[in-house]
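Remarks on the structure that follows.
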Amino acid sequence: MKKRLALTQESFDRLLHWLNPVRELGGRKYEDIRLGLITVFIRRGCPCAEDLADETINRVIGKLDEIVDSYTGDPAHYFYGVAQNIFREYLKKRTYPMPAQISDPVRDPGQDYECLERCIAKLEPESRWLILEYHQEDKQAKVSRRKELAGMLNVTPRTLRMRVHRIKSALRECIVECRQRGSLQK
Amino acid sequence: MEKKSNDELTIRRYLLKELSREELEQVEKQLLADGKFLRQVLLEEEELTYQYARGELTGDDRRKFEASFLATPEGVEQVELAKNLVRYVTEAGRSTRPAAAHQEPKPSRSWPMRLMGLRASSATLALAALAILFAVTAAGVEFQAVRLRRQIDEITSRQPAPNPREQQLQEELSEQQARNKELVEALQREQEQRARAELALSESRNTRDAAPGNSIASIILSPGRVRGEGQSQDAVLGAGVARLSIQLALRDAAYSAYRAVIQNDQGEQVRSADSLKAENVANRRVVRFSLPAGLLPRGDYQIKLQGITPDGGYKDSGSYYFRVIRK
């Protein structure tokens, strides 16, 4: 069963304030830390990376009263220390392979491709064009093509990558929803 | 080959698990502390995935990528999406940019047009009216034209010429604004997911006598030390049974929460259920949860129950056995 964040509004506000007294900046830092934790756990080969990341945040929230006045330094490093402990515990408990996607039925690759087609069709024309053109070439031709695209859109290559990354994130979410709708209908 | 920065090389080595322990710790700390670096890692991760999907990774790199990325469900899903997208792009071929989004470069404006573009104010409107008069009576407006030219030169000299750095900053500002919007949406989504999960949990508890094809079977288990001891129950799952509800009698009620891990007779985990609270049912302390019947083919199963300690650790709290019979 997926762990849920033990977030009450009050504990969340306290956490954000500890990360940065300016709420918007605290919120951004929180999202970066959470995504960073998930990335660290995925790269360490943990199949339940999101659960471990949320468990890390839960523990930090639990310790907030103790550390908020005494801790000095970047709060992100404190999260890292807690994450190290969580990972060690995970390794000790792990005696068998964890199930993959335990809440999902066995996926049909054909269905995934159909979902991708439908989701691409839903994109704005400009986004659809961009995602197609970004991946058209390979190797060195790809590099030149992407510079050309950045020039056409009047953005830096980095900004172009971010835009494509966002389009792909939206596609991923759309495909998951499409897949779930397809499972319910079976 | 495009020259890579030191950061990009470090990130690639990180993703392919080539870093030393000290380097790894440094990179992981930076992942949490530096949002810009994190986004760079995610972009490189995506790029590497697409290189793999296109068959551009070979030899050692390919092996390292597979060992690193195909070890988790998220990595597998990422690779599948990349392969599907590469296939789609190959089949779709080149496309032309949509006409509506394609903007022609604006022609440079003459000083009367720049004048008209200035923020509306009573003084500006008056100047615009004077500019029109100039076109009609040359002599009278000439003096005004000279004055207006001086004002325009003053305004444009205050505005710095656009430079690439400014452009980049503008783009980064737009990026940040988009991220702010994503942040608000992400928080809202988390709250909605929580509400949906609570509703689903409440609905599953209330559902007892559902329509045919959606019924629930139940078993009550007591702990046994080895297979054969205790009471191994049979769970009969007919075609219409959607879920199996399981009640575990607690040997001791020492913990506030429990975790149940269900294994098949090969020792493979079928499902785990976390944060189970002990309840009183008919004067016994029990924990309860349910499983989709689809996860349970015919065979023998073991449930390992673990108490969750205050510091988040797990302690064994009993094993339970049951057999699924399919009808």
Between the CG atom in B:L32 and the CG atom in A:L37, the distance rounded to the nearest 0.5 Å is 5.0 Å
Okay, A:H165 and chain B: the region with an atom under 4.5 Å from a heavy atom over there is both
Max heavy-atom pairs within cutoff under 4.5 Å with chain A, candidates B:V41, B:V86, B:L15, goes to B:L15
- Query: Are any of the side-chain nitrogens in B:R87 or A:E117 under 4.0 Å away from the carboxylate oxygens of its partner?
  - Reply: no
Bottom line for B:Q30: the part with an atom under 4.5 Å from chain A's heavy atoms is neither
Next item on the list: Indicate the ring-plane relationship of B:Y88 and A:Y113, choosing parallel, tilted or perpendicular according to the 30° and 60° boundaries.
Entry: tilted
So CZ of A:R172 and CD of B:E77: to nearest 0.5 Å the spacing works out to 8.0 Å
The interface call for B:L38 against chain A, heavy-atom contacts under 4.5 Å, is side chain
(message) Is there a side-chain contact between A:K168 and B:Q78 in this structure, where contact means two heavy atoms from C-beta onward sitting under 4.5 Å apart?
(response) no
The interface call for B:E91 against chain A, heavy-atom contacts under 4.5 Å, is side chain
When rounded to the nearest 0.5 Å, the distance separating CG of B:L81 from SG of A:C115 is 11.5 Å
Problem - B:K83 atom NZ: more than 12 heavy-atom contacts under 6.0 Å - result: no
One should read off an interatomic distance between A:L35 CG and B:L31 CG, to the nearest 0.5 angstrom, of 9.0 Å
Chain A shares the most heavy-atom pairs under 4.5 Å, among B:K29, B:R54, B:Q40, with B:R54
Check this for me: B:E23, atom CD, are more than 12 non-hydrogen atoms of other residues, nucleotides or ligands nearer than 6.0 Å? yes
Min side-chain heavy-atom separation A:R43-B:F69 under 4.5 Å:
yes
Residue pairs passing the disulfide (SG to SG under 2.5 Å) test with at least one member in residues 119-169 of chain A, sequence neighbours excluded, are A:C119-A:C174
Under 4.0 Å between a side-chain nitrogen and a carboxylate oxygen: does that hold for A:D32 and B:R39?
yes
Taken to the nearest 0.5 Å, the spacing of A:Q136 CD from B:T90 OG1 works out to 7.5 Å
Shortest non-hydrogen pair, B:A33 vs A:A76, comes out as CA-CB, 3.7 Å
In terms of heavy-atom pairs under 4.5 Å with chain B, the winner among A:W129, A:Y134, A:F79 is A:W129
Of A:K29, A:E133, A:E89, the largest count of non-hydrogen pairs under 4.5 angstrom with chain B goes to A:E133
When rounded to the nearest 0.5 Å, the distance separating CD of B:E28 from CZ of A:F41 is 9.0 Å
Review point. Are any of the side-chain heavy atoms of B:L85 and A:I131 separated by less than 4.5 Å?
Key: yes
One thing to verify: whether B:E46 and A:R161 come together as a salt bridge, which I'm taking to mean a side-chain N less than 4.0 angstrom from a carboxylate O.
no
#### Entry: More than 12 heavy atoms of other groups within 6.0 Å of A:E124 CD
no
Cut-off 4.5 Å, heavy atoms of chain A, and the answer for B:K17 is side chain
Note: vs chain B, highest number of non-hydrogen pairs under 4.5 angstrom among A:L132, A:I33, A:I86 is A:L132
